[in-house]
Amino acid sequence: MMSSFSTRRTFFAFLATLALGLASATAQDARRGYVPPALDTVHAVAAEHGMVVAQEKISVQVGADILRRGGNAVDAAVATGFAMAVTYPRAGNIGGGGFMMIHSAERNEDIAIDYRETAPAATTPQIFLGPDGKPDIAKSRDSALGIGVPGTVAGLALALEKYGSGQFTLAQLLEPAIALARDGFVVSDDIADTLPGWHRRLTRWPSAARIFSRPDGAPLSDGDRLVQGDLADTLAAVAAQGPRGFYEGAVADKLAKAVSEAGGIMTPADLKTYQAVIRTPVRGTYRGYDIVSMPLPSSGGVVLVETLNILEGFQLADLKQGSPASLHLLIEAMKRAYADRARYLGDPAFVNAPIETLTAKDYAAKLRAGISTSRATPSKQLVSAAASPREGSNTTHFSVVDSRGNAVSNTYTLNFSYGVGLVAEGTGVLLNNELDDFTAAVGASNAYGLVGFEANLPGPGKRPLSSMSPTIVLKDGKPVLVTGSPGGSRIISTVLQVIVNVLDYKMDVAAAVATPRLHHQWLPDEVRVERGFPDDVLFELKAMDHPIVEPMGQTSANSIAVTPNGPLGAPDPRTRGAEAAGQ
Ligand code: GLY
C-alpha cells in the first residue's frame with residue numbers, strides 16, 4: 001500500500017501517464033465499438049406503466065422489480081443506485097457522489113438532490129500544485145489527495161426519506177445489492193470491456209487487486225464471478241443503521257484510515273459532517289416545454305438552459321437534423337454557454353454566480369446576435385478569460401419513471417473509471433478521484449492544455465464543479481422526457497442533443513439517443529465528433545471553419561420518453577449491457 005505521496009512521486013507520475021494512455025485507449029476502443037446503427041432499425045423499449053433504463057442490466061432488473069412490487073420511481077432509483085455500486089463498479093458507487101433530479105407528481109414538485117463529494121476540511125487551494133507551483137496532475141488524479149468525501153449513501157438515503165413511497169425501507173431496497181455483493185455475479189458486458197484497461201491502476205492496492213483479479217492475478221473477465229464480501233458487509237451496515245453505518249463508526253474509521261495510509265487527508269470528522277443537499281433545480285423553457293435540470297455545484301442545468309435559450313431563436317426544425325446548418329448552430333450555441341461556464345461557475349456555497357442572467361432569454365438573445373449562420377466564431381473572440389477544467393468521463397446515468405407520474409433522473413460517478421482505484425481495506429468501497437474536477441491553479445494549463453478559473457479552485461468543504469446534467473423535460477407539468485449521460489464535459493452537449501432531437505426533430509427517443517453526436521466546449525477550440533457523420537457534412541462544417549477532431553469520448557444517454565401510451569425506454573447503444581425494463 002502507498003504510504004507517502006512524496007516518496008512515490010516518480011512512480012505516480014509514471015502511473016498518471018499510464019492512466020491517461022489507458023483512458024485514451026479505452027475511449028478509442030469504445031468508439032471503435034460503437035457503430036451508429038441505421039436509425040430505422042433502432043426501436044425504443046415499450047412498457048405500460050413504469051420503466052428503468054441504465055447502463056447495466058442486472059441493476060435495471062433490480063429497479064424494475066421494485067416498480068413491479070408497488071414502489072415509486074424514487075424507490076426504484078435508490079435500489080438501482082445501490083445495485084450499480086456492486087454490478088457496475090467503474091461508475092456505480094457508494095464511494096463517490098452525484099446528482100438526482102426528481103419530479104414528484106404527488107407533490108407537484110421538482111427537486112434536485114446534490115450528493116456531490118466534498119473536499120476534506122484540510123484541503124487548501126494549493127493542494128494539487130507541485131513544488132514548482134504548477135499543477136501536479138498525479139496528485140489530483142492518481143493519489144489519495146484526489147478523494148472527496150463520498151456522498152452517494154447520504155444522497156440516496158435522503159431521496160428515499162423525502163420522496164420514497166413509504167412502502168420500502170432503506171434496508172429493503174439494499175437487499176438486492178447486498179445479495180449481489182455477497183453471492184457475486186458473472187462478469188460480462190461493460191466490466192469485461194473496461195476492467196482490463198484499468199486493472200493495473202487498481203492493482204496498485206492489494207485491497208483492490210484481490211477483488212478485481214483472478215487467482216493468477218489477471219483481471220476478471222467474461223464469465224468470471226465478481227464477489228465483494230466486504231462491500232456486502234458495508235451495505236449491510238447501512239441497511240442496519242442508515243447512513244450512520246457508513247459515515248460513522250467502524251466503516252467510517254476504515255475509510256479514513258485507508259485514505260490516510262494512502263497519503264490522503266480525509267478524516268472521520270469529514271465523513272461524519274457530510275450532508276447531501278436538497279436544491280432548487282435550474283428551470284428553463286424551450287419551445288413550450290419546461291426544462292428542469294441540475295443547479296450548482298453542477299454546471300449542467302445552467303449551461304443546458306443557456307444553450308437551449310440561444311437555440312430557441314433559430315428555427316432548427318426548418319433545418320434537417322444532422323445537416324451542416326443545424327450542427328453549426330448547435331456548435332455555436334454550445335461554445336458560448338461553455339465559455340460562461342468556465343468564467344462564472346463553482347460551488348454556490350463559495351461563489352456568487354450570475355445564474356439569473358445566464359439563464360435569461362434576453363441574455364441568450366444577445367449571444368445569439370453574435371452568431372454568424374455561415375461562419376464559426378473562433379473561441380478566442382468570445383472571451384479572453386479562463387477555460388473549463390477537464391473532467392472525467394466515467395460517470396453513469398439512469399432514468400426511472402413510474403405509473404404515478406413520478407420521474408427520477410440520476411447521474412453519479414467516481415470520476416475516472418474505477419475512481420482512484422483504491423478500495424478501502426475491509427470495506428469493499430472503491431473510492432473516487434473527484435477532486436480532480438477542481439481547477440488546480442488559476443490560468444495554469446492542465447494535462448489537456450486547458451486553463452482554469454478562481455470560482456473552481458480547491459477549498460475546505462467545497463464541492464468541485466461538475467457537468468452532470470440529470471434532466472427532466474415537462475409539458476403542462478408532466479414529464480415527457482427523462483435524460484442524462486456520463487461523459488465529463490460532454491454530458492451537457494449530449495443532453496442538449498437528445499432534447500433537440502426529440503423536441504425539434506420529433507425523433508423517436510431511441511433514434512434521438514442513437515444518432516451520432518458532437519461536442520464543443522469553447523476551449524479547446526475544436527468540434528469533437530462521433531463516427532457516423534457523413535463525409536459531406538464534415539466537409540461543409542470544415543468549410544465554415546469548424547476544426548473537426550475525432551474521436552469524441554464516450555457518452556451514454558439512457559433516456560425515457562413518457563407518451564400517452566406509456567414509457568418508451570432508450571438504453572444507449574454506446575454501452576454494452578445498457579438495458580431498459582418496464583412493468
Ligand atoms: N466528474 C465528472 C463531472 O462531475 O462532471
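Nothing here was measured: the structure is a model prediction, and the numbers come from that model.
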Student: Give me the one residue out of Arg90, Arg576, Lys57 that meets salt bridge (charged side-chain N to carboxylate O under 4.0 Å, His left out) with Asp190.
Tutor: Arg90

Student: Under 3.5 Å, is there a donor-acceptor pair between the side chain of Arg517 and the main chain of Val529?
Tutor: no

Student: Quick one: closest heavy-atom pair of Gly532 and Pro36, and the distance?
Tutor: CA-CG, 3.9 Å

Student: Do the side chains of Leu296 and Leu465 get nearer than 4.5 Å, heavy atoms only?
Tutor: yes

Student: Check whether the side chains of Arg490 and Thr555 place a donor and an acceptor atom closer than 3.5 Å, and report yes or no.
Tutor: no

Student: With distance as the sole test, does Arg341 use its side chain to make a donor-acceptor pair with the main-chain N or O of Gln521 at under 3.5 Å?
Tutor: no

Student: State, to 0.1 Å, how close Ala85 and Tyr412 come at their nearest heavy-atom pair, and which atoms those are.
Tutor: N-OH, 3.8 Å

Student: Are Ile58 and Tyr88 side-chain neighbours, meaning at least one heavy-atom pair lies under 4.5 Å?
Tutor: no

Student: Rounded to the nearest 0.5 Å, how far does OG1 of Thr483 lie from CD1 of Ile499?
Tutor: 6.5 Å

Student: Please determine whether side chain to side chain contact (heavy atoms under 4.5 Å, CB included) holds for the pair Thr439 and Phe128, giving the CA-CA distance in whole Å, both sets of side-chain angles, and the decisive distance to 0.1 Å.
Tutor: CA-CA 9 Å; Thr439 299; Phe128 298 128; over 6 Å; no

Student: What's the shortest heavy-atom distance between Phe438 and Ala119, and which atoms?
Tutor: CE1-CB, 3.9 Å

Student: Does any donor atom in the side chain of Tyr115 or Asn410 lie under 3.5 Å from an acceptor atom in the other side chain?
Tutor: yes

Student: To the nearest 0.5 Å, what is the distance between OG1 on Thr395 and CG on Asn415?
Tutor: 6.5 Å

Student: Are Phe99 and Ser466 packed together at the side-chain level, in the sense that at least one heavy-atom pair is separated by less than 4.5 angstrom?
Tutor: yes

Student: Is a donor from one side chain sitting under 3.5 angstrom from an acceptor on the other, for Arg336 and Thr377?
Tutor: yes

Student: Could you grab the distance from atom CH2 of Trp205 to atom CZ of Arg210, nearest 0.5 Å is fine?
Tutor: 14.0 Å

Student: Restricting to non-hydrogen atoms, name the atom on Ala570 and the atom on Val513 that form the minimum distance, rounded to 0.1 Å.
Tutor: CB-CG2, 4.0 Å

Student: Is the backbone N or O of Gly146 less than 3.5 Å from a side-chain atom of Asn433, with the two atoms forming a donor-acceptor pair by type?
Tutor: no

Student: So does Val423 get a backbone contact from the side chain of Ser207, meaning a donor-acceptor N/O pair under 3.5 Å?
Tutor: yes

Student: Closest heavy-atom contact between His397 and Ser409?
Tutor: CE1-OG, 3.0 Å

Student: Using only atom types and a distance under 3.5 Å, with no angle test, would you say the side chain of Asn558 pairs donor to acceptor with the backbone of Asp572?
Tutor: yes

Student: Apply side chain to side chain contact (heavy atoms under 4.5 Å, CB included) to Ile211 and Leu430, showing your working.
Tutor: CA-CA 10 Å; Ile211 295 167; Leu430 192 50; over 6 Å; no

Student: Is there a donor in the side chain of Ser469 and an acceptor in the side chain of Ser293, or the other way round, less than 3.5 Å apart?
Tutor: no

Student: Is there a donor-acceptor pair under 3.5 Å between the side chain of Glu332 and the backbone N or O of His328?
Tutor: no

Student: Should Arg279 and Pro297 count as side-chain neighbours, where that means a heavy-atom distance under 4.5 Å?
Tutor: yes

Student: Under 4.5 Å between any side-chain heavy atoms of Tyr286 and Val473, yes or no?
Tutor: no

Student: I'd like to check Val420 versus Arg204 (side-chain heavy atoms, cut-off strictly below 4.5 Å). Are they in contact?
Tutor: yes

Student: Could you give me the CA-CA distance, side-chain angles and deciding distance for Glu56 and Thr575, then say whether side chain to side chain contact (heavy atoms under 4.5 Å, CB included) is met?
Tutor: CA-CA 9 Å; Glu56 194 284 314; Thr575 310; over 6 Å; no

Student: For Ala511, is there any backbone N or O sitting under 3.5 Å from a side-chain donor or acceptor partner on Thr515?
Tutor: no

Student: Which is it for Arg116 and Glu434 under the salt bridge (charged side-chain N to carboxylate O under 4.0 Å, His left out) test, yes or no, and what are the steps along the way?
Tutor: CA-CA 9 Å; Arg116 182 73 159 163; Glu434 207 70 57; 3.1 Å; yes

Student: When you measure from the side chain of Ser326 to the backbone N and O of Ser323, does any donor-acceptor pair fall under 3.5 Å?
Tutor: no

Student: How long is the span from the CE atom in Met84 to the OG atom in Ser59, to the nearest 0.5 Å?
Tutor: 5.5 Å

Student: Using a cut-off of 6.0 Å, state whether more than 12 heavy atoms not belonging to Asp535 lie near its atom CG.
Tutor: no

Student: Would you mind checking if Arg463 and Asp437 are paired as a salt bridge, meaning a charged N to carboxylate O distance below 4.0 Å?
Tutor: no

Student: To the nearest 0.5 Å, what is the distance between CG (Leu39) and CE (Met507)?
Tutor: 5.0 Å

Student: Just so I know, are the side chains of Leu503 and Leu481 near enough to count as touching, which here means a heavy-atom distance under 4.5 Å?
Tutor: no

Student: Under the side chain to side chain contact (heavy atoms under 4.5 Å, CB included) criterion, do Leu523 and Tyr338 qualify, and how do the steps go?
Tutor: CA-CA 8 Å; Leu523 289 179; Tyr338 273 91; over 6 Å; no

Student: Is it true that a side-chain atom of Glu117 and a backbone atom of Leu435 form a donor plus acceptor pair closer than 3.5 Å?
Tutor: no

Student: Out of curiosity, Leu330 CG to Leu496 CG, how far, rounded to the nearest 0.5 Å?
Tutor: 6.0 Å

Student: For a quick check under 3.5 Å, do Ser417 and Thr194 share a side-chain donor-acceptor pair by atom type?
Tutor: no

Student: Which pair of heavy atoms, one from Leu414 and one from Gly92, lies closest together, and at what distance?
Tutor: CD1-O, 4.2 Å

Student: Does some side-chain heavy atom of Leu304 sit less than 4.5 Å from a side-chain heavy atom of Leu308?
Tutor: yes

Student: Okay, side chain of Asn456, backbone of Gly346: is any donor-acceptor separation there less than 3.5 Å?
Tutor: no

